[in-house]
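Read through the structure below, which is laid out as structure tokens, and then see the notes.
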Amino acid sequence: PAPRRAAMAARGAEWLSPTHARIFVMVDLHRETLCGRAELELGLGHGPVPASINLNASRAISVQHAVLTLPSGNTVTLEAERLPVQELMDEVVPARWGSTRDACSFESCHGATLQVANAGELSLALPEHIREELDAVAGGDGASGAHGGSSLLLSVDYSVHEPEGGIHFARRTRGCGASYAYSIPLAGAARRWMPCVDTFSSRCTYEVHLSLASPPLGAAALPPAVAFGSGVRCAP
């Protein structure tokens with residue numbers, strides 16, 4: 001089974017109930033970077049409010065600012081902390097088991113590793129007074145919760161300076177700058193270029209707003225970019 005730290009981290013992912021996501025992304029083809037904002041609408045889950053909200057976000061994603069808007073309309077700035085996902089994976093799958101071939105051991109390690117990966121790589125700690133307010137809303141009259149209309153809005157400003165997969169910058173000519181960008185439709189790819197809840201059990205609708213960064217001073221201007229989508233290449 002997954003270690004205690006992984007199980008505790010997973011509670012935040014289980015409590016989250018994303019209902020809709022708006023992703024605003026600016027693509028810089030010259031610097032081959034991304035910057036933007038992820039706005040996640042979260043329904044209140046059932047049970048005790050966890051100590052943090054955990055998101056899937058690869059180590060290539062830098063978080064500049066995270067704000068949570070409560071059902072009351074009040075806002076609070078959350079501190080972002082990286083979770084030691086690789087360390088947890090090493091903990092549930094010791095290196096000495098790397099050559100294990102029997103099915104039972106594989107099933108145990110595979111399940112534990114998935115639990116760690118799905119628990120999230122980014123933790124946003126919830127202050128005690130915010131947890132108390134959410135507890136009161138989620139359990140106050142039984143009408144709240146994931147299906148009762150109360151929701152949170154989590155806004156995360158972020159940037160990606162060295163993408164590690166998920167999104168790729170492509171060149172028409174070797175040695176030249178990127179001409180277009182495209183993403184890939186693989187499991188775990190979305191978390192490499194935007195903060196999200198990237199699990200099969202947590203599904204919601206998405207809308208993506210794209211813009212193209214202006215070229216640096218003196219650089220040749222590129223034709224306007226159209227867009228890029230999951231597995232769809234859209235070039236200027």
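Side chains included, hydrogens not; waters and symmetry mates left out as well; all remaining heavy atoms used.
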Taking side chain as C-beta onward, heavy atoms only, is [X] less than 4.5 Å from [Y]?
| X | Y | result |
| --- | --- | --- |
| Ser72 | Glu133 | yes |
| Glu32 | Arg171 | yes |
| Ser151 | Thr19 | no |
| Val67 | Leu78 | no |
| Pro18 | Glu41 | no |
| His65 | Thr77 | yes |
| Leu134 | Pro71 | yes |
| Leu29 | Leu212 | yes |

Pairing of Arg191 and Glu164 as salt bridge, 4.0 angstrom limit: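 Salt bridge between Arg191 and Glu164, a charged N being under 4.0 Å from a carboxylate O: no.
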
I'd like to know if the side chain of [X] and the backbone of [Y] have a donor-acceptor N/O pair within less than 3.5 Å.
| X | Y | result |
| --- | --- | --- |
| Arg192 | Gly165 | no |
| Asp28 | Ala213 | no |
| Tyr158 | Trp193 | yes |

Salt bridge (Lys or Arg N to Asp or Glu O under 4.0 Å) partners of residues 176-188, not counting sequence neighbours, each pair once: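 Output for this query is empty, none listed.
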
Working to the nearest 0.5 Å, report the span between [atom1] of [X] and [atom2] of [Y].
| X | Y | atom1 | atom2 | value |
| --- | --- | --- | --- | --- |
| Glu39 | Ser155 | CD | OG | 4.5 Å |
| Cys35 | Phe24 | SG | CZ | 13.0 Å |
| Cys204 | Leu40 | SG | CG | 7.0 Å |
| Asn74 | Thr69 | CG | OG1 | 9.5 Å |

Run Thr75 and Leu68 through side chain to side chain contact (heavy atoms under 4.5 Å, CB included) and show every step you take. CA-CA 6 Å; Thr75 60; Leu68 182 67; over 6 Å; no

Going only through I, L, V, M, F, W and Y residues with side-chain contacts under 4.5 Å, is there a path from [X] to [Y]?
| X | Y | result |
| --- | --- | --- |
| Leu34 | Tyr206 | yes |
| Leu154 | Leu70 | yes |
| Leu210 | Val160 | yes |
| Leu42 | Leu153 | no |
| Ile130 | Leu152 | yes |

Any side-chain donor near an acceptor of the partner, Asn54 and Ser52, under 3.5 Å: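 Side chains of Asn54 and Ser52: pair found under 3.5 Å.
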
Could you tell me whether the side chains of Glu207 and His20 share a donor-acceptor contact shorter than 3.5 Å?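 The answer is yes; a qualifying pair exists.
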
List the atom of [X], the atom of [Y], and the distance in Å for their closest heavy-atom pair.
| X | Y | answer |
| --- | --- | --- |
| Leu126 | Pro50 | CD1-O, 3.5 Å |
| Asp198 | Ala189 | OD2-N, 4.1 Å |
| Ala57 | Arg82 | O-NH1, 2.5 Å |

Taking it one step at a time, do Arg59 and Glu162 satisfy salt bridge (charged side-chain N to carboxylate O under 4.0 Å, His left out)? CA-CA 10 Å; Arg59 60 184 178 180; Glu162 295 182 4; over 6 Å; no

Side chain to side chain contact (heavy atoms under 4.5 Å, CB included) partner of Pro195, the single match among Asp157, Val156, Ile23: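 With Pro195 as partner, Asp157, Val156, Ile23 yield a single side chain to side chain contact (heavy atoms under 4.5 Å, CB included), made by Val156.
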
